[in-house]
Asker: 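Quick one: this structure, given as structure tokens, is what I'll be asking you about.
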Amino acid sequence: QVQLVESGGGLVQAGGSLRLSCAASIRPFSSYFMGWFRQAPGKEREFVAAVSWSGGRTYYADSVKGRFTISRDNAKNTVYLQMNSLKPEDTAVYYCAASSLGGVQVDPRQYNYWGQGTQVTVSS
């Protein structure tokens, strides 16, 4: 059974940092593009960042570019999202997802597997 398990969310003040982790049971992990999405109350799920199979290519939403960094460790079957300079508008449930399609996928419908989500709350 495929599982993606996120961790690392929490409450942080504006300007602070958090590091999210997502441990995946999918095999082979290196065959999947990995992405992070977020969903705030009353809003649609939105793309945040994605990383290629090897980790050599990364992609970001304009709203997080320069503040967030996505990375992966294929030996540990884990993808990370380092979030710096957090803003109140970053408050959301953050989800990791795995896509078997080649290339960057920003549409959540193109992802095969999803985690349960982890809450990130940024206070002003």
Side-chain angles (χ1 to χ4, degrees):
Q1 182 178 355
V2 173
Q3 279 192 314
L4 302 178
V5 180
E6 302 97 335
S7 61
L11 173 64
V12 64
Q13 288 189 331
S17 298
L18 284 173
R19 189 194 195 204
L20 305 183
S21 299
C22 173
S25 66
I26 49 176
R27 299 289 187 276
F29 178 69
S30 59
S31 295
Y32 288 81
F33 256 72
M34 297 299 295
W36 285 96
F37 289 76
R38 66 187 182 187
Q39 188 166 18
K43 295 188 176 182
E44 292 187 353
R45 192 168 297 189
E46 65 172 356
F47 171 78
V48 174
V51 61
S52 62
W53 304 289
S54 67
R57 289 179 290 156
T58 56
Y59 310 87
Y60 299 94
D62 288 343
S63 59
V64 307
K65 203 171 293 183
R67 301 188 297 122
F68 290 11
T69 302
I70 188 171
S71 62
R72 66 190 295 164
D73 185 337
N74 286 345
K76 295 182 178 179
N77 284 16
T78 302
V79 61
Y80 305 97
L81 185 68
Q82 177 68 44
M83 304 186 295
N84 298 330
S85 303
L86 282 161
K87 304 175 182 180
E89 51 264 43
D90 293 319
T91 295
V93 177
Y94 282 71
Y95 299 89
C96 75
S99 174
S100 60
L101 298 176
V104 178
Q105 304 298 331
V106 301
D107 184 343
R109 294 171 295 181
Q110 302 304 319
Y111 284 76
N112 308 78
Y113 304 107
W114 291 86
Q116 82 289 349
T118 185
Q119 177 70 47
V120 171
T121 303
V122 184
S123 63
S124 56

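Because only heavy atoms are used, hydrogens play no part in the values below, and waters and symmetry mates are left out as well, while side chains stay in.
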Asker: Applying side chain to side chain contact (heavy atoms under 4.5 Å, CB included), can you list everything that pairs with R57, at least two apart in sequence or on another chain?
Answerer: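 Here the qualifying residues are F33, S52, W53, Y59.
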
Asker: Any side-chain to backbone donor/acceptor pair from E6 onto C96? Under 3.5 Å, distance only.
Answerer: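 A pair under 3.5 Å: yes.
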
Asker: Check for a donor-acceptor pair, side chain of R72 on one end and backbone N or O of F29 on the other, with a separation under 3.5 Å.
Answerer: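 Yes; judged by distance alone, with no hydrogens or angles, the pair exists.
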
Asker: Does the S99 side chain pair with the main chain of Q110, one donor and one acceptor, at a distance under 3.5 Å?
Answerer: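 Here the side-chain-to-backbone pair exists.
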
Asker: Testing the basics here: between S85 and D90, what is the closest heavy-atom pair and its distance to 0.1 Å?
Answerer: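 That would be O-OD2, 4.5 Å.
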
Asker: Using the six-membered ring wherever Trp is involved, compare the ring planes of Y111 and F37 and label them parallel, tilted or perpendicular (cut-offs 30° and 60°).
Answerer: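 Because their plane-to-plane angle is over 60°, the rings of Y111 and F37 count as perpendicular.
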
Asker: Give a yes or no on whether the backbone of V122 and the side-chain of T91 come within a donor-acceptor separation of less than 3.5 Å.
Answerer: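 Indeed, once roles are kept as given, a pair shorter than 3.5 Å links the two residues.
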
Asker: Give a yes or no on this: more than 12 heavy atoms of other residues, nucleotides or ligands lie within 6.0 Å of atom NZ of K43.
Answerer: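 At most 12 heavy atoms, drawn from other residues, nucleotides or ligands, come within 6.0 Å of this atom.
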
Asker: Taking only Lys NZ, Arg NE, NH1 and NH2, and the carboxylate oxygens of Asp or Glu, determine whether D62 and K65 approach each other closer than 4.0 Å.
Answerer: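 Yes.
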
Asker: For K76 versus T78, what's the shortest heavy-atom pair and its separation?
Answerer: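 Here K76 and T78 meet closest at O-OG1, 2.8 Å.
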
Asker: When clusters are formed by joining ILVMFWY residues with side-chain heavy atoms under 4.5 Å apart, either directly or through shared neighbours, do W114 and V120 land in the same one?
Answerer: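 In one cluster with W114: V120, no.
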
Asker: Could you see if Y32 belongs to whatever hydrophobic cluster contains V51? Use Ile, Leu, Val, Met, Phe, Trp, Tyr and a side-chain cutoff under 4.5 Å.
Answerer: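 Yes, it is one cluster - the side chains of Y32 and V51 are joined through contacts under 4.5 Å.
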
Asker: Look at the side chain of T58 and the backbone N and O of I70, then say whether any donor-acceptor pair between them is shorter than 3.5 Å.
Answerer: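 Judged by distance alone, no pair lies under 3.5 Å.
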
